[in-house]
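Note sheet for the following structure.
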2 protein chains.
Amino acid sequence: MRLSTKGEYASRAMLELSLHHEEKPLHIRDISKAQDIPERFLEQILLQLKRAGYLRSRKGPNGGYYLSKPPAEINVAEVIRVMDGPLAPIDCVSVTAHEVCPHESSCGLKGLWKEVRDAVAKIMETATFEELAERTRAARAGRRRGA
Amino acid sequence: MRLSTKGEYASRAMLELSLHHEEKPLHIRDISKAQDIPERFLEQILLQLKRAGYLRSRKGPNGGYYLSKPPAEINVAEVIRVMDGPLAPIDCVSVTAHEVCPHESSCGLKGLWKEVRDAVAKIMETATFEELAERTRAARAGRRRGA
DNA sequence: CAATAGTCGACTAACTCAATCGACTTAGTG
DNA sequence: CACTAAGTCGATTGAGTTAGTCGACTATTG
């Protein structure tokens, strides 16, 4: 039930971009440093997120990446699906990857996997980057006040 | 967020053993056929489950595998952890694999991963093989009555 | 003692993951 | 207009994991 590092990096990058939304575009390098992600690897990830429509970019000096819509309109589930595919623990209960389950005899399990899928999807679909950015800002402020 | 085939096979095998609990031990071959799992691969899986204490076995004719305790006392989470390790999407929120998270700046995400882990764990820990076997029997009976 | 059935460790082929590289295109600056 | 900063793109790689196989061994029963 592991998340790939790509998925993790992608959500961290999206969070970083959300924190700086409506400022200048962010360089790959800056995101890379802020979130400690290998630059060359991050490049691929951002490109993939751009192709999926979540990011826009500008080339040349003062270029960089920025969100294509407000962070409140992007949730974690979409991002993870772009990077890692369906959220379901096994394909036959996936909403995005339909597949017929040939194992009638183990249908007792199928219901369970469905529950898991739904729970995970619900949590991740509810979490917007707006909210995550807010949580992060609050955590940082708390730390500065000395907790 | 995928389950490994090993984890899936293991839970199917445990379900099959639960369905025949308190009868004769089941041969690897019979489980393999009933649940459509490669025999030689299943062998490894059963051995691993045995070493973890969930199964016992008897050699020789009329031998086979059987549960070491009633299906009501075994839940899916344990089985998956034996095969695939921690349920958590990333290590820093795992209960079983403790690791320090060096990314203060992305703590907004940590809370989310924790929610996911807890939700998954709760569902899988609640599901016993007794219950799953019951569901399976009901589904089969329903199918026989012609639904 | 022959046949059955689990045990064990080694092995491998295929695949995925994480990451790197080089060459290219585009955009702004002096 | 030349230079440089920055994103784009495709290919490749190395390590590790996964899924599965194999052969030789041990224990049990009839």
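Residue numbering restarts at 1 for every chain, and letters A, B, ... go by the order of the sequence lines. Not measured: the values here are computed from a predicted model.
- Atom pair A:Leu47:CG and D:dA11:P shows a separation of 14 Å (rounding to whole Å applied).
- A donor-acceptor pair is defined here as one N or O able to donate and one able to accept, closer than 3.5 Å; such a pair exists between the side chain of A:Asp84 and the backbone of A:Ser4.
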For nucleotides 12-19 of chain C, tabulate all protein N/O to nucleotide N/O atom pairs closer than 3.5 Å, reporting atom names and distance.
| residue | atom | partner | partner atom | Å |
| --- | --- | --- | --- | --- |
| C:dA18 | OP1 | A:Thr5 | N | 2.9 |
| C:dA18 | OP1 | A:Thr5 | OG1 | 2.1 |
| C:dA18 | OP2 | A:Thr5 | OG1 | 2.9 |
| C:dA18 | O5' | A:Thr5 | OG1 | 2.6 |
| C:dA19 | OP2 | A:Tyr9 | OH | 3.4 |
| C:dA19 | N7 | A:Gln44 | NE2 | 3.3 |

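- Within the 4.0 angstrom heavy-atom criterion, only backbone atoms of the sugar-phosphate kind lie near B:Leu26; the bases stay farther away.
- Contacts classified as ring pair (Phe, Tyr, Trp, His ring centres under 6.0 Å) and involving residues 48-71 of chain B (residues at least two apart or in different chains) are not found.
- Each of B:Gly63 and B:Glu43 was matched to the nucleotide of DNA chain C holding its nearest heavy atom; the match closer to the 5' end belongs to B:Gly63.
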Within the sub-3.5 Å range, which N or O atoms of nucleotides 26-30 of chain C have a protein N or O partner, and how far apart are they?
| residue | atom | partner | partner atom | Å |
| --- | --- | --- | --- | --- |
| C:dT26 | O4' | A:Lys59 | NZ | 3.4 |

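- Under the side chain to side chain contact (heavy atoms under 4.5 Å, CB included) rule, B:Met14 has a single partner from B:Leu132, B:Val76, B:Ile45, B:Leu55, which is B:Leu55.
- Taking atom CD of A:Glu39 as the reference point, atom P of D:dA5 lies 13 Å away to the nearest angstrom.
- Residue B:Arg51 has a polar side-chain atom (N or O) positioned under 4.0 Å from OP1 or OP2 of C:dC8.
- For B:Arg2 and D:dA19, the CZ to C1' distance is 16 Å, given to the nearest whole Å.
- With sequence neighbours left out, B:Ala72 forms a side chain to side chain contact (heavy atoms under 4.5 Å, CB included) with B:Glu130.
- Taking atom CE of A:Met1 as the reference point, atom P of D:dT17 lies 19 Å away to the nearest angstrom.
- Side-chain N or O atoms of A:Glu78 include one that pairs as donor or acceptor with a backbone N or O of A:Asn75 at under 3.5 Å.
- B:His27 places its NE2 atom 7 Å from the P atom of C:dG6, with the value rounded to the nearest Å.
- Atom CD1 of A:Ile45 and atom P of D:dC9 are 16 Å apart (whole Å).
- Atom CG in B:Leu42 sits about 16 Å away from atom C1' in D:dT18, given to the nearest Å.
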Under 3.5 Å, which donor-acceptor pairs link side chains of residues 115-129 of chain B to any protein atom two or more places apart or in another chain?
| residue | atom | partner | partner atom | Å |
| --- | --- | --- | --- | --- |
| B:Glu125 | OE2 | B:Arg81 | NH2 | 2.9 |
| B:Thr126 | OG1 | B:Lys122 | O | 2.6 |
| B:Thr128 | OG1 | B:Glu131 | N | 3.2 |

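- Remark: P of D:dC9 and CD1 of A:Ile28 are 12 Å apart, rounded to the nearest angstrom.
- Nucleic acid contact for A:Leu46: none, since no nucleic acid atom lies under 4.0 Å from a heavy atom of the residue.
- At distances below 3.5 Å, not a single donor-acceptor pair connects side-chain atoms of A:Ser94 with backbone N or O atoms of A:Ala88.
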Considering only distance and modelled atom types, tabulate donor-acceptor pairs under 3.5 Å from the side chains of residues 25-32 of chain A, sequence neighbours left out.
| residue | atom | partner | partner atom | Å |
| --- | --- | --- | --- | --- |
| A:His27 | ND1 | A:Gly63 | O | 3.4 |
| A:Ser32 | OG | A:Ile37 | O | 2.9 |

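- Using a 4.0 Å cut-off between charged side-chain N and carboxylate O, A:Glu8 and A:Arg12 make a salt bridge.
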